2 protein chains.
Amino acid sequence: MPHVKSRREQYSDATRAALLEAATRRFAERGFAGTSLEDVAADIQATRGAVYHHFGSKPALFEAVAEALESRVMREVAEAAEGARDPWSAAIAATEKFLDWCCDPVYSRVVWQEAPLALGWVRWKELEKEYSCGLIEQFIQLLIDAGEMPPLPLEPMTRITFHMLGAAGMAISEVPEQDRFRVRAEYAETIAHLLKGARR
Amino acid sequence: MPHVKSRREQYSDATRAALLEAATRRFAERGFAGTSLEDVAADIQATRGAVYHHFGSKPALFEAVAEALESRVMREVAEAAEGARDPWSAAIAATEKFLDWCCDPVYSRVVWQEAPLALGWVRWKELEKEYSCGLIEQFIQLLIDAGEMPPLPLEPMTRITFHMLGAAGMAISEVPEQDRFRVRAEYAETIAHLLKGARR
DNA sequence: GCATACGACATACACAGCGTATGTTTCCAA
DNA sequence: TTGGAAACATACGCTGTGTATGTCGTATGC
């Protein structure tokens with residue numbers, strides 16, 4: 001039973017989606033502290049009441065925005081790795097796709113620059129553990145199982161890799177649009193070199 | 001001309017130092033957003049007026065706190081490397097001393113967790129460029145000059161190393177006291193392996 | 001088909017915290 | 001001893017969050 005949506009529910013869903021979109025734009029342009037819920041609501045001709053009704057708080061709204069972005073990006077990253085024929089090229093493909101996304105101003109600003117501030121480190125790390133860290137751990141485990149990498153302690157290796165990629169993400173995101181491609185290439189080269197060095 | 005300090009200046013200096021100390025404790029315990037200037041001032045039986053007189057703004061106060069910590073830690077790190085006889089063991093010694101300090105709850109919290117949020121990425125990057133990143137860059141340049149490392153792009157390598165070390169420091173500080181030694185060893189092993197892989 | 005409940009918002013208000021403008025006191029210097 | 005400036009304190013305005021309450025339309029039971 002698919003439960004056909006009533007008109008009310010459709011309106012409600014539309015409002016929620018519009019708020020999410022407006023918030024994404026605002027957060028990406030002005031940052032977390034720089035955007036008031038008043039602004040977000042006004043963008044869709046509503047009031048803060050609507051925001052609090054749907055999301056409950058400002059951090060909760062931001063978290064919804066960040067999660068929507070993360071789930072989309074991580075899905076694409078995972079897909080990019082699926083075509084590869086061995087664990088190593090899978091990891092490389094995933095890294096490339098991830099760096100691509102780091103060039104996106106919305107993703108890089110929201111997830112890498114604003115999220116730790118908005119959610120606090122603890123909550124942010126939980127989120128990343130669920131998305132990026134989870135993926136990274138899978139790849140590393142595969143590499144170790146395949147004998148491509150010595151059996152280093154899994155968690156440190158995962159987190160260090162995560163922070164290496166994070167460094168790239170932050171660096172790329174803070175650079176002006178026209179330099180992104182060059183900076184991306186530099187970081188890709190450096191990371192590739194470090195990871196290849198870790199290969200046995 | 002030594003300019004003997006008047007009583008007023010001594011009082012003023014004492015107030016400033018007391019504010020700095022109170023702010024350091026508050027920021028380390030409650031974070032930047034979680035501490036109000038009211039609290040800081042009240043800790044030393046003063047009002048916010050004193051804070052604004054001496055520091056001008058909340059971020060400026062935080063920056064003074066962070067700089068005091070950084071300059072002390074980086075001095076110690078640099079000293080630790082001075083005894084070494086070659087660039088590689090100097091870098092190792094510096095890393096060890098840095099990891100020691102990352103175990104310190106005040107330093108790791110203020111400089112690694114709160115500073116980017118409090119000062120904004122731009123200002124934080126400038127600060128780190130002056131302190132930790134500056135040191136790291138020197139070591140890497142020395143290693144490249146000595147032919148111990150291939151000539152990778154300097155800035156990415158610096159920042160990636162910076163974040164790798166930061167990952168270790170944060171992971172260590174999250175773990176209960178009795179596990180620190182083990183976790184520190186795991187991260188040291190992993191980082192050493194990655195850096196050795198980068199060695200030519 | 002009509003009353004009623006409930007969901008989806010809007011409105012109004014309380015409150016915290018930053019910054020600033022304006023006192024007030026205390027010390028130093030001429 | 002007396003201006004004057006430094007070192008604060010006091011008071012106020014403002015922005016923005018969260019919450020409590022009001023209102024209106026739509027689904028639903030009878």
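Convention: sequence-line order gives letters A, B, ...; per-chain numbering from 1. The structure displayed is predicted, hence computed values, not measured ones. What's counted below: heavy atoms across the whole structure, side chains too, no hydrogens, waters or symmetry copies.
- Distance Arg26(A) CZ to dG16(D) P: 11 Å, rounded to the nearest Å.
- Along DNA chain C, the nucleotide closest to Asp13(A) and the one closest to Ser36(B) are compared, and the more 5′ of them pairs with Asp13(A).
- Look at Ser57(A) and you won't find any side-chain N or O under 4.0 angstrom from OP1 or OP2 of dT17(D).
- A ring-ring contact (aromatic ring centres under 6.0 Å, His included) with Phe162(B) is found for one member of Trp124(B), Phe98(B), Tyr131(B) and no other, namely Trp124(B).
- Between the C1' atom of dT11(C) and the CG atom of Leu37(A) lies a distance of 16 Å, rounded to the nearest Å.
- At the heavy-atom level, Tyr11(A) lies nowhere under 4.0 Å from the strands shown.
- OP1 or OP2 of dC9(C) sits under 4.0 Å from a side-chain N or O of Ser12(A).
- Lys58(B) places its NZ atom 8 Å from the P atom of dG19(C), with the value rounded to the nearest Å.
- For dA7(D), neither phosphate oxygen OP1 nor OP2 lies less than 4.0 angstrom from any side-chain nitrogen or oxygen of His54(B).
- Atom pair Leu61(A):CG and dG18(D):C1' shows a separation of 14 Å (rounding to whole Å applied).
- Closest non-hydrogen pair, Thr35(A) versus Arg26(A), comes out as CG2-O, 3.2 Å.
- For Pro59(B), counting side-chain heavy atoms from C-beta on, the closest listed nucleotide (dG19(C), dC8(D), dG18(D)) is dG19(C).
- Atom CD of Glu38(B) and atom P of dC18(C) are 9 Å apart (whole Å).
- Here dC9(C) is the nucleotide among dG19(C), dC9(C), dG18(D) with the atom lying nearest to any side-chain atom of His53(A).
- In this model, a side-chain donor or acceptor of Arg48(B) finds a partner on the base of dG19(C) within 3.5 Å.
- Distance, Asp39(A) CG to dG16(D) P: 7 Å, rounded to whole Å.
- In this structure, Gln10(A) places its CD atom 13 Å from P of dA8(C), rounding to the nearest Å.
- Put simply, Thr15(B) has a side-chain N or O that comes within less than 4.0 Å of OP1 or OP2 on dC8(D).
- With Glu148(B) as reference, Leu143(B) is the one residue of Ile140(B), Leu142(B), Leu143(B) to meet the side chain to side chain contact (heavy atoms under 4.5 Å, CB included) rule.
- Once rounded to the nearest 0.5 Å, the distance linking CG of Leu194(B) with CD of Glu189(B) reads 10.5 Å.
- Distance Phe55(A) CZ to dC9(C) P: 11 Å, rounded to the nearest Å.
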Could you go step by step and tell me if Glu186(A) and Arg182(A) meet the salt bridge (Lys or Arg N to Asp or Glu O under 4.0 Å) rule? CA-CA 6 Å; Glu186(A) 286 180 2; Arg182(A) 179 181 52 79; 3.3 Å; yes
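- Note on Thr47(A): a base of the nucleic acid sits closer than 4.0 angstrom, heavy atoms only.
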